[in-house]
Peer 1: 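If you scroll down you'll find the structure; I have some questions about it.
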Amino acid sequence: MNRLLALLFHQGVLDEQFLQLQQLQDESSPNFVSEVVNIYFHESEKLLRNLRTLLMDKEFSDYKKIGIHLNQMMGSSSSIGAKRLTNVCVAFRAASQLNNRPGYVFLVLSHIRIYILLIKSILGIYIHMIRCLRALELLEHEYCYLKNKLHELFQLEQQRILAAGVRYPRQM
């Protein structure tokens with residue numbers, strides 16, 4: 001898990017904001033990161049659909065609407081620490097501000113979609129690993145509890161057997 005995170009940081013996919021997000025997760029909200037990331041994916045997919053719809057409209061000329069969607073995408077990407085995706089949003093916004101609709105804008109939109117799929121896949125693996133580690137911790141806890149209680153039970157049984165086996169001479 002640490003190697004995967006190190007790789008994502010090295011590749012610039014994630015930044016320190018993701019670590020800050022992880023720090024907000026605790027025992028009272030063990031699925032916090034997973035829930036936040038799932039909300040991010042749901043909202044991002046809507047934004048991507050909206051951007052594609054706007055760009056495919058042949059009559060479209062209001063690049064402010066694109067900017068609004070890009071700002072939302074950039075803000076939510078930044079808030080979960082999706083550094084590379086945030087950078088692509090910045091480039092996309094710059095292109096849309098230049099009214100450079102053909103070519104580059106579509107290319108950037110394609111990159112955003114690819115990065116979201118990549119992040120979704122990688123974070124899915126990460127979330128699965130966290131769930132497995134939690135399950136392992138629970139398994140280890142239950143194992144230790146069982147081991148201790150059975151050990152205690154066997155000690156009591158051994159004491160009972162020893163006590164039953166010791167016979168004191170009868171006093172007359």
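Counting from 1, the numbers follow the sequence of the chain as shown.
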Peer 1: Could you tell me the separation between the CG atom of Leu8 and the CZ atom of Phe18, rounded to the nearest 0.5 Å?
Peer 2: 8.0 Å
Peer 1: Would you list the pairs meeting salt bridge (Lys or Arg N to Asp or Glu O under 4.0 Å) in which at least one residue belongs to residues 2-18, sequence neighbours left out?
Peer 2: none
Peer 1: I need the Ser44 OG to Arg49 CZ distance, nearest 0.5 Å.
Peer 2: 10.5 Å
Peer 1: To the nearest 0.5 Å, what is the distance between CD1 (Ile114) and CG (Leu117)?
Peer 2: 8.0 Å
Peer 1: I need the full list of side-chain hydrogen bond (donor to acceptor under 3.5 Å, both in side chains) pairs touching residues 72-89, with sequence neighbours left out, sorted by first then second residue.
Peer 2: Tyr40-Ser77
Peer 1: Please identify each residue that fulfils side chain to side chain donor-acceptor pair (under 3.5 Å) with Gln11, with sequence neighbours left out.
Peer 2: none
Peer 1: By side chain to side chain donor-acceptor pair (under 3.5 Å), which residues pair with Ser28, not counting sequence neighbours?
Peer 2: Asp26
Peer 1: Check each of Leu51, Leu54, Leu70 against Lys65 using the side-chain contact (heavy atoms from CB on, under 4.5 Å) test, and report the only one that passes.
Peer 2: Leu54
Peer 1: Who pairs with Val37 by side-chain contact (heavy atoms from CB on, under 4.5 Å), at least two apart in sequence or on another chain?
Peer 2: Val33, Phe41, Leu123
Peer 1: Hey, what do you get for CD (Glu35) to CD1 (Ile39), rounding to the nearest 0.5 Å?
Peer 2: 7.0 Å
Peer 1: Sequence neighbours excluded, which residues qualify as salt bridge (Lys or Arg N to Asp or Glu O under 4.0 Å) partners of Glu43?
Peer 2: Lys46
Peer 1: To the nearest 0.5 Å, tell me how far Ile116 CD1 sits from Leu48 CG.
Peer 2: 4.0 Å
Peer 1: Can you pull out every salt bridge (Lys or Arg N to Asp or Glu O under 4.0 Å) where at least one residue sits in residues 116-126? Sequence neighbours excluded, please.
Peer 2: Glu45-Lys120
Peer 1: Please write out which residues are connected to Val90 in a hydrophobic cluster, directly or through intermediates, given that two of Ile, Leu, Val, Met, Phe, Trp, Tyr count as joined at side-chain heavy-atom separations below 4.5 angstrom.
Peer 2: Met74
Peer 1: Residues in side chain to side chain donor-acceptor pair (under 3.5 Å) with Asn50, at least two apart?
Peer 2: none
Peer 1: Which pair of non-hydrogen atoms, one from Ser34 and one from Gln25, has the smallest distance, and what is that distance?
Peer 2: N-OE1, 4.4 Å
Peer 1: Could you state the interatomic distance from CG (Leu85) to CG (Leu14), rounded to the nearest 0.5 Å?
Peer 2: 10.5 Å
Peer 1: Distance-only, no hydrogens or angles: does the Gln17 side chain make a donor-acceptor pair with backbone N or O of Ile80 under 3.5 Å?
Peer 2: no
